[in-house]
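Structure, as structure tokens:
Every chain is numbered from 1 and lettered A, B, ... according to where its sequence line falls, protein lines coming before strand lines. Just so it is clear, the structure is predicted and the values come from calculations on it, not from any experiment.
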Amino acid sequence: MRRAGTYLRLQFARALCMLPQMLAVTLALAVLTGLGALLLSAANKDGDSAELVRVGLVADMEDPYISEALVLLKNMSGSGFSFSFEPMDRQTADRLLRRGELDGCAVIPEGFAEALMAGEHRPATYVSANGGADVGAQMTRELVETVSSLVLETENAVYGAQDFAAEHLKQYDPYSVGDYLVFQYAIRIADRSRLFVLDTIGTVGALSLQGYYLCGLTLLFLLFWSISCAPLFSSRSRELGRILQAQGLPAVLQVLSEYLSYVFLMLLGLLALFAIGAAVLPRLSLRIPELEHIGALRFAFRALPTALMICALQFFLFELADGTVGGVLLQFLNAAVQGYLAGCFYPSSFFPDALRNFGAVLPAGVGMSRLRSVLLEENGAAAAVWVWMLGFLLFAAALRFRRNRR
Amino acid sequence: MRSLRRFLLWYALFTKRLLHRPAYLAVLLLVPLFAAALSLFARQESGVLTVALALKNKHDAAAVAAVERLTDGDSVLRCELYSSEREARRAVRMGRADAAWIFSADYSDALEVFARDVHARAVTVVEREDNVFLSLSREKLFAAVYPELSFALFSDYLSNTLGAGELDPVELRRYFASGTMKDSVVRFETVDGREADTDGQYLTAPLRGIMGLLLMLCGMASGLYCFREEENGSFVWLPSRSRRYLPVLSHITAIVPAAVAALAAMALAGVTVSFGREALMLLLFVPAAALFCELLRCLCPRAAHYGALIPVLTVAMLIFCPVFLDLNLLAPLRRALPLYWYLRAAWDSSGLLGLAGCLLFLIPTSVLAFFLRQRLRGL
């Protein structure tokens, strides 16, 4: 036991040598994430606190139909969402798109409205800023397709009315019939929210979006932080393990000592993160209702087992890897893949059922469930966290034992 | 010729020492497997939002038609029909659905009233909280409701506003359906003028960014190796002129096998552009990433500092480069990252120029940093 105590003290001493850079990493990660969240909330708010989509408009602004359409498009907004249309030429639009200063660009060809009226197909073009495969771009594309479908339906109805007027209501000019009908459609589209009754039942029993991303970011911090510990693990000597085992320090105690020193570093890092969060969060305009209810200290305390489980997983991966490059890459792959499947980047509700269920049983998925339960003051996934943690420690000990015996 | 043989020999030695590491090989194998699995899962039904639909009157043809449009369409919105309003509301409360759209018992009448007076409620929208995605989803709801609303407005306009009186519904339908425009009035393009990929899967879209990050990590991990070799004096026996190229060679040999695995992964997931473009992008990105990692290594006095920088840089690239979302934050900072240009080059030809420019900038910068470091260590 004395040997175990000595080894434990040595591991803590090794860990303490890395303390300054661990704290620097924690500070840098906290600043980075906070900066990203702050800039994101500042960049996406206009005066009405609405999410802003910046779209360049390449069109003949003298055309009265274009002006009317602009009014209509500006009205295509929900409660937290507004378009900003800026008339410009194509070269400027391309330049701003490439720079990322525009989210998209609508190019309306000359005579677009007249072609529509005449039943000719002369499509407008929507140019997306980044190739258009990510979630935001696909949502924007669906919105544009929605607008397109409304325009098509309206135009077909207008042709039908003009044909009817030309055959049965000869006292009317068919073009006036069409124009007035378009105006009526525009009124209905502008007032479309009156067609729905909105019943917001609140998030009781379910997490708000801010609460969800608090859990996601906490988990991501835990997952990525381990990469900075690569020098701590890569400088271990495999032969030392064999010698210690030969001298009566079994693999389990070796693993436990190293794990505890790693946990010690992680806890100090979390403490620093907590202190930064407590100082900075009240000054940001971000509200997390569940955190206000439960209290940050209680959340941090109840999230500890999740941190211990993630530490155990990372410790196991470092034990598995047999070099620096392999160690760093395994940690990154683990963080990226498990973080993705656990719903830290996209909410897990975006995934197909099978993928969501698979992600939920992975360690990071269990960790995410546990953090969400903590915020909701429930007991979900508590046992699974301990099972994974003990499992990883046992696997690591078994690996160390096998390696020492070779 | 002799230099080339020597270069190839060192290249082979550095590559061999990595390929002997089971963990590194495991990563190379896991990456395409992960991509293939993700691609298979992505083909299953999924959506950014799940909406529970319910009909209070299952015999209302207009409501049934709207529900069919919502459930049959290919969309980022996943709509599921529930047996009753109660079940749909329960789905929202339990978190199984993000919203519930309940079509009222007098849905068709409500549409006709709306067409006349603009005051009628046809659908009840139940949500836990309002956010941007749900706001956008209501536009899809309106688009699904619109054909019947359009017909109601069309009929009312002809009958009442123009004074045509009571009209035969069949005749009305004939005129209403006589419009010949079927093709979308909007087409989608990239900034290069190419047709945008409208079938792209958002689940596999981040794969390119993750692979790019992996390649950067390979280079940075190789940097840790180089620190250890310097401390151990592993190559001190080599002439200093030859020794100066070893770190960059080490980074490149760490990145290249991972680049092959990454390319295979992206091909399996279907997120690649043309083979020529992918080859050109990697040809520029791999040395740029290697030189970037070497520049960082030269700027860090010790391995511990460099190791501490790795997760910070990883998270910085995740936030500032368009891996998952393009936040366009701190634009000058992200233009200094090779990963940003690599991701941009996939959809914008000027990204290739940017990547080449980044490489040209990094060559003298990393050389200067290397000599400065040697000078300082010499002191």
Counting heavy-atom pairs under 4.5 Å with chain B, which one of [options] comes out on top?
{"options": "A:L181, A:V127, A:L195, A:V144", "result": "A:L195"}
{"options": "A:A124, A:A335, A:G104", "result": "A:A124"}
{"options": "A:E153, A:Q171, A:Q331, A:Q184", "result": "A:E153"}
{"options": "A:V25, A:V328, A:L29, A:T125", "result": "A:T125"}
{"options": "A:Q21, A:M18, A:E142", "result": "A:E142"}
{"options": "A:D94, A:L169, A:V158, A:I108", "result": "A:L169"}

Tell me, side chain or backbone of [X] under 4.5 Å from chain A's heavy atoms, or both, or neither?
{"X": "B:L18", "answer": "side chain"}
{"X": "B:F41", "answer": "both"}
{"X": "B:F324", "answer": "both"}
{"X": "B:L213", "answer": "both"}
{"X": "B:L134", "answer": "neither"}
{"X": "B:V271", "answer": "neither"}
{"X": "B:L25", "answer": "neither"}
{"X": "B:A304", "answer": "both"}
{"X": "B:F154", "answer": "both"}
{"X": "B:P322", "answer": "neither"}
{"X": "B:L318", "answer": "side chain"}
{"X": "B:R335", "answer": "side chain"}
{"X": "B:R96", "answer": "neither"}

Heavy-atom cut-off 4.5 Å, strictly under: side chain, backbone, both or neither for [X] against chain B?
{"X": "A:S226", "answer": "neither"}
{"X": "A:L152", "answer": "side chain"}
{"X": "A:R99", "answer": "both"}
{"X": "A:L355", "answer": "both"}
{"X": "A:L333", "answer": "side chain"}
{"X": "A:F112", "answer": "side chain"}
{"X": "A:V177", "answer": "both"}
{"X": "A:F224", "answer": "both"}
{"X": "A:A24", "answer": "neither"}

Verify, without hydrogens or angle tests, whether [X] (side chain) and [Y] (backbone) share a donor-acceptor contact under 3.5 angstrom.
{"X": "B:R128", "Y": "B:A97", "result": "yes"}
{"X": "B:S104", "Y": "B:A122", "result": "yes"}
{"X": "B:Y24", "Y": "A:L329", "result": "no"}
{"X": "A:Y172", "Y": "B:L162", "result": "yes"}
{"X": "A:R192", "Y": "A:I189", "result": "yes"}
{"X": "B:Y202", "Y": "A:F350", "result": "yes"}
{"X": "B:Y306", "Y": "B:M220", "result": "yes"}
{"X": "A:S148", "Y": "B:V185", "result": "yes"}
{"X": "B:S222", "Y": "B:C218", "result": "no"}

Name the option with the most non-hydrogen atom pairs under 4.5 Å to chain A; the candidates are [options].
{"options": "B:F176, B:F142, B:Y225", "answer": "B:F142"}
{"options": "B:E171, B:R78, B:H305", "answer": "B:R78"}
{"options": "B:V92, B:V191, B:T124", "answer": "B:V191"}
{"options": "B:L158, B:L167, B:T161, B:V48", "answer": "B:V48"}
{"options": "B:R89, B:R121, B:Q44", "answer": "B:R121"}
{"options": "B:L149, B:L141, B:V145", "answer": "B:L141"}

Are [X] and [Y] side-chain neighbours, meaning at least one heavy-atom pair lies under 4.5 Å?
{"X": "B:R43", "Y": "A:P352", "result": "no"}
{"X": "B:R138", "Y": "A:L198", "result": "yes"}
{"X": "B:F151", "Y": "B:L111", "result": "no"}
{"X": "B:V273", "Y": "B:W347", "result": "no"}

Begin from the C-alpha positions of A:F351 and A:F358 and carry the test ring-ring contact (aromatic ring centres under 6.0 Å, His included) through to its verdict. CA-CA 10 Å; A:F351 300 155; A:F358 177 66; over 10 Å; no
State plainly whether the residues B:R228 and B:E231 are in salt-bridge range, i.e. N to O under 4.0 Å. no
Please check if any side-chain donor atom of [X] sits under 3.5 Å from a side-chain acceptor atom of [Y], or the reverse.
{"X": "A:R188", "Y": "B:S150", "value": "no"}
{"X": "B:D192", "Y": "B:S349", "value": "yes"}
{"X": "B:S350", "Y": "A:R95", "value": "no"}

Which pair of non-hydrogen atoms, one from A:A321 and one from A:L330, has the smallest distance, and what is that distance? CB-CD1, 4.1 Å
